[in-house]
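See below for the structure under consideration.
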Amino acid sequence: MRIHPRYIQRGAVAILGSATLLTILILIFIIFFVLEKGLPVISLHFLTDNPEDMGKAGGIFPTLIGTILLPLLALIIASPLGIFTSVYLSEFTKENNVTKIIRFGTDCLAGIPSIIFGLFGYIFFVVTLGFGWSILSGGLTLAVMVLPTIIRTSEEAIRAVPKSYREVSFSLGASRWQTVKKVILPNALPGIVTGVMLSIGRSIGETAAVIFTAGSSLRIPTSVFDSTRTMAVHFYILAREGISAENAYGTAATLIIAVLLVNLSAYWLMNRFIAKRN
Amino acid sequence: MENKINTYKKITVKDLNLYYGKFRALISIELEVQENKITALIGPSGCGKSTLLRCLNRMNDLIHGVKITGNVFLDGTDIYNAALEVAALRKRVGMVFQRPNPFPLTIYENVTYGLKVAGMHNKKKMDAIVENSLKRAWLWEQVKDKLDHPALGLSLDQQQRLCIARLLAVQPEVILMDEPCSSLDPIATMKIEDLMMELKKDYTIVIVTHNMQQASRVSDYTGYMLLGEMIEFDVTKNIFTRPSKKLTEDYISGKYG
Ligand SMILES: Nc1ncnc2c1ncn2[C@@H]1O[C@H](COP(=O)(O)OP(=O)(O)OP(=O)(O)O)[C@@H](O)[C@H]1O
Ligand SMILES: [Mg+2]
């Protein structure tokens, strides 16, 4: 007997819908779990006080600083590098074996576990270049880690700019660089910004790559050569060493809120940008 | 009227061949485009009309794997000569595309785009050019109070005329049009056709069209293409009333395909 397409469609929609529901439920569960345990801990003092007794008591102020500084440094280093690379790859090269290898390479890099980047950062930045456990080493390592993602998302965004815009621009006598500057980058910007913000969101929560390169000092850093501790590392140490489960959840909740804020502002920025253009 | 003595050959195409990779899309094309006339290219889908048109301002250079042999002379200079600057050529030989394609910018910014990339900054001068170009494209009255509005808010045929204005702003000598009316309704199409008749007083126009009535209405010369070859090229009246080739006649009378 032949099943009517309408029923098949209903079945398909049901499956797709439940998959979506499940995903969202898991997500909500995780977030609620952490927030439920962590939110009661968070207070102004928790955010602005220095930790006492290795974090058993007191606040997490230095780790807030570390969590802002490291991704910020990574952002400053990685986004120009990544965006320029993607512009070069997509607009100034013809598709050939070299570009294919570069793409394959970035894809591979994007899939490498972060602890490997941590190891690399330790050997290269901390030891070989002698930057020690420092904000600089950590930021550079994070930059290297998010670079492939920024390159690929920027490239996608650039490719999504309609071909006709390029054609018109060239047909009006614009050079390739003028076309990139005036047409392609402005139109790809929302996508590029989203990609950058999402990878920064990822680097905010990064632990393995940072603990080997930025160390875990709880002092407030005074230069880029000082060691620092991020919230993720702080959480890891608190939980792992059994110092304070309560403060660990407080840190985790703060971290989640920070990542959510970054992502939300990414979307807000993007929407504002799109609204402005139309 | 077509046989006026003072005709001047603006563009001469000699033995032009174009390969997309191994595929030969244009086969020994010969073509002469007269100044201040409208030359139409007709033929079935895929015969190479767009490809030929895009050869005239080297837009095919942008496509990977294209190889071109032969010559295209503009005012006697070979545009495929290595010494020639492509951007300068494209300013002289501009293009209107099939789908209206204004940038997602304001109306004003669209018209000044070509001026800005050419290095113009003078606001007064640009204002004057914007007004003049929009007037020439018969759009000024509709948009003069909303120059700072997004171009994508215009209707399709207004968008197409904006694209024409954007082109006129860079003062081209030749205007290439690739099925400029195919996304427009009949009334908008008429408007663009009238506009073309007006523009040919100052510009040389080459138009690709699927619409044979359109070719016969607006053009002075018509070329019929088939499978990459220029089957017949003549004064439009001749092509449509007494074509010399059987293939042309079949196509004109609708026997093709
Ligand atoms: N970028 C390309 N790469 C490979 N082949 C192409 C490319 N562009 C066009 N062709 C081929 O070249 C031939 C001519 O194409 P062209 O677009 O010039 O035809 P056309 O006469 O403009 O057709 P239409 O009326 O459908 O627009 C077609 O067979 C087409 O498949
Ligand atoms: Mg075509």
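Per chain, numbering begins at 1; letters A, B, ... match sequence-line order. What you see below is based on every heavy atom in this structure, not just the backbone, and it leaves out hydrogens, waters and symmetry mates. Just so you know, these numbers come straight off a predicted model, no measurement behind them.
Sparse packing is recorded around CZ of A:Phe29, with 12 or fewer heavy atoms of other residues, nucleotides or ligands lying under 6.0 Å away. Heavy-atom neighbours of B:Gln171 CD from other residues, nucleotides or ligands within 6.0 Å: at or below the threshold of 12. In this structure, B:Arg24 places its CZ atom where more than 12 heavy-atom neighbours from other residues, nucleotides or ligands lie under 6.0 Å away. Surrounding CG of A:Leu25 are more than 12 heavy atoms belonging to other residues, nucleotides or ligands, all under 6.0 Å away.
Taking each heavy atom of B:Ala87 and A:Gly173 in turn, the nearest pair found is CB-O, 3.4 Å. The minimum heavy-atom distance between A:Ala174 and B:Val117, with the atom names listed, is CB-CG1, 3.8 Å.
For A:Arg176, the part lying near chain B is the side chain, with the backbone staying farther off; criterion is any non-hydrogen pair under 4.5 Å. Heavy-atom distances place the backbone of B:Pro102, and not its side chain, under 4.5 Å from chain A. Heavy atoms of A:Ser175 lying under 4.5 Å from chain B are absent altogether. Residue contact with chain A, scored on non-hydrogen atoms closer than 4.5 Å, is absent for B:Arg58.
Separation of atoms CZ (B:Phe103) and CG (A:Leu172) is listed at 6.0 Å; rounding is to 0.5 Å. Residue B:Leu105 holds its CG atom at 8.5 Å from OH of A:Tyr165, rounded to the nearest 0.5 Å. The distance from atom CG of B:Asn101 to atom OG of A:Ser169, rounded to the nearest 0.5 Å, is 11.0 Å. Of the inter-residue distances, the one linking A:Ser171 atom OG with B:Leu167 atom CG reads 7.0 Å to the nearest 0.5 angstrom. How far CD of A:Glu167 is from CD1 of B:Ile63: 7.0 Å, rounded to the nearest 0.5 Å. Atom CZ of B:Phe97 and atom OG of A:Ser164 lie 8.0 Å apart (nearest 0.5 Å).
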Requested in this report: Check step by step if side-chain contact (heavy atoms from CB on, under 4.5 Å) holds for B:Tyr113 and A:Val183.
Outcome: CA-CA 10 Å; B:Tyr113 184 87; A:Val183 179; 3.1 Å; yes
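Residues A:Lys182 and B:Glu109 are not paired through a salt bridge, judged by the lack of any N-O separation under 4.0 Å between the basic side chain and the carboxylate.
No side-chain heavy atom of A:Val168 sits less than 4.5 Å from a side-chain heavy atom of B:Met95.
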